[in-house]
Number of protein chains: 2
Amino acid sequence: MQTLRSAPPAICEQPIDRFVADVLPSEVSEVARLRLRELAQPVSAIGGEAVFSPCTRSRIVHIAHGSVRLVAHASEQRDQVLSFHFAGDLVLVPARAAHGYTLYALGACEMVAFAADPLFELARSDAALGHELLTRTLRALARSREKTIALGRKTAQERVASFLVGMAERIGVPDDEGCLLDLPMTRRDIADSLGLTIETISRQLGELRDAGLLATSGRSRIRLLDLPGLAARAGHLPAGHLSAGHLSAGALTKSSI
Amino acid sequence: MQTLRSAPPAICEQPIDRFVADVLPSEVSEVARLRLRELAQPVSAIGGEAVFSPCTRSRIVHIAHGSVRLVAHASEQRDQVLSFHFAGDLVLVPARAAHGYTLYALGACEMVAFAADPLFELARSDAALGHELLTRTLRALARSREKTIALGRKTAQERVASFLVGMAERIGVPDDEGCLLDLPMTRRDIADSLGLTIETISRQLGELRDAGLLATSGRSRIRLLDLPGLAARAGHLPAGHLSAGHLSAGALTKSSI
DNA sequence: CGCAAATTTGACCAACCTCAACAAAGGTGG
DNA sequence: CCACCTTTGTTGAGGTTGGTCAAATTTGCG
């Protein structure tokens, strides 16, 4: 991956190189690569920091290291977390419209940001880049729809179980006795993501613990002891006959807008 | 738009031609057009009919005439309407994954369906088609996020007001005294879309009527008398300083996946 | 070790749901 | 064109889930 130009002495991989490796398909034209490097804008943030406070122009952000939450402001004191994103993901932060949007770092983050419009313009002429953006946007849409189902028609317990199963797929570490989760977000983040309160999150986690489905240790460590049991409580269809389509569960494991 | 091949004697426009006119950018290559005609699958449905009952392969459906609702089945007796779509829109009906999905006609419908995979494959080589699909998918994502905000953090009244404002933008007919809506969906459809019950929809419409914001006549006719007032009750940011970005409110008016 | 922030737990409350009865709409057949 | 009838929508009474407020407890950092 010889993509460095004026190679800065890097201890670890530079965010821009991580972006190239993660997002650019090998068929992307050389001219598009150069244009992307022109548009790329490196961004760092520390935990809790608002990356695009009042986001005035839509942006596409690639997460090289760390994790973030994308928040919509429904009103004073009412935030809705639209999505969580981890290293390797691409996030679309929309410009203010009917609501305002902000991207917050959940911990120290290294990112590469692009103004959305020139990026989409570039995709108009480069089919490989366009296809990559389309694929990721479709994944984001699938996740957003899952969230719609959860918020519209699921109980508090089902929402929490869905959240845990979803996080297990994305950042869970397989383990002899289930799956280990080290959540970078607080209870408030989870509550604002699931349309609940921190108290309800706490109570539901307690119930799932009492039911033997998980064990907690400290603030952020959760061991999932019975993933199928959790999926059942999440109101998911029984697994096993999932189709192998373009957007099947497996395809959703990594990276999305 | 000379896209007819073996011109069938058509009284009105054929669905496939409507699709070509609505969706295909003029730059789409001739070879891609031919391939699209191969993949296209005309579909008709009457009101209430399930178009893809248990949707096994992901599909992209273009609505030539009529309107539809995309439904996710959270469980027996618990449906969530993910989106409504009208003539000119493109809908992605996902294959069964964690939940099952079905597309229902809201009235008599003429559509053109595609298996999603070959369509995306075609977009991989044709940048213009890819860009069109990307643009529409981004709109769908923006709408889905709006719904997430509504379901996660809005009261029943705010949800109903948001719904009305959104429908006004899509199918409202401007009128000397506000905006006239002729809703093709039932109260149940609205309830399943907003994560509420039909009784709550009815009561909230009653309150908005008593507040002088709208007038109803019959089951489906609603006259919106005070759009700014409704937008305020919807919890929207005050209008006026909306950015002109790729996905600003105006750009969302028509067509999406 | 001390402390501020995060989380848990408990008691109470309200928004919305459930169940039930009623009214209106609008299609059908006479 | 009208009476009937089914479907859809409205209204009311009471229950439940999850929210609110407050206090106790834990975490993990300095």
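Chain letters run A, B, ... following the sequence lines, proteins first and then strands; every chain starts at 1.
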Could you give the CD1-to-P distance, from B:Ile201 to D:dG9, as a whole number of Å? 11 Å
Separation of atom CD in B:Glu199 from atom P in D:dT10, rounded to whole Å: 11 Å
Chain A on DNA chain C: first and last contacting nucleotide, 5' to 3', under 4.0 Å to a heavy atom? C:dA5 to C:dA11
Starting from P on D:dG19, measure out to CG on A:Leu194 and report it in whole angstrom. 10 Å
Please report the distance, rounded to the nearest Å, between CG in A:Leu205 and C1' in D:dT26. 15 Å
Residues 204-211 of chain B, side-chain donor-acceptor partners within the protein, below 3.5 Å, at least two apart:
residue	atom	partner	partner atom	Å
B:Gln204	OE1	B:Gln157	NE2	2.8
B:Glu207	OE1	B:Gln157	NE2	2.9
B:Arg209	NE	B:Thr216	OG1	3.3

Charged N-O contact under 4.0 Å between A:Asp192 and B:Arg153: yes
Donor-acceptor pair under 3.5 Å, A:Arg203 side chain vs D:dT20 base: yes
Closer than 4.0 Å, any side-chain N/O of A:Thr197 to the OP1 or OP2 of D:dG19? yes
Separation of D:dG18 atom P from A:Gln204 atom CD, nearest Å, is 7 Å
As a quick check of understanding, evaluate side-chain contact (heavy atoms from CB on, under 4.5 Å) for A:Val81 and A:Val71, giving each step before the final call. CA-CA 4 Å; A:Val81 171; A:Val71 175; 4.1 Å; yes
Euclidean distance, atom CZ of residue A:Arg187 to atom P of D:dG19 [Å, nearest integer]: 16 Å
Check: A:Ser193/A:Lys147 side-chain N/O donor and acceptor closer than 3.5 Å: yes
Using a 4.0 Å heavy-atom cut-off, does A:Gly195 contact any base of the nucleic acid, only the sugar-phosphate backbone, or nothing at all? sugar-phosphate
If I take atom CD in residue A:Gln77 and atom P in nucleotide D:dT20, what distance separates them, rounded to the nearest angstrom? 11 Å
A:Arg188 CZ to D:dG19 P: how many Å, rounded? 11 Å
Ordered by number, residues from residues 215-223 of chain B within less than 4.0 Å of DNA chain C (heavy atoms) are B:Arg219
Mark yes or no for whether B:Ser162, through its side chain, and B:Glu158, through its backbone, hold a donor-acceptor pair below 3.5 Å. yes
So, is A:Thr200 close to the D:dG19 phosphate, meaning a side-chain N or O under 4.0 Å from OP1 or OP2? yes
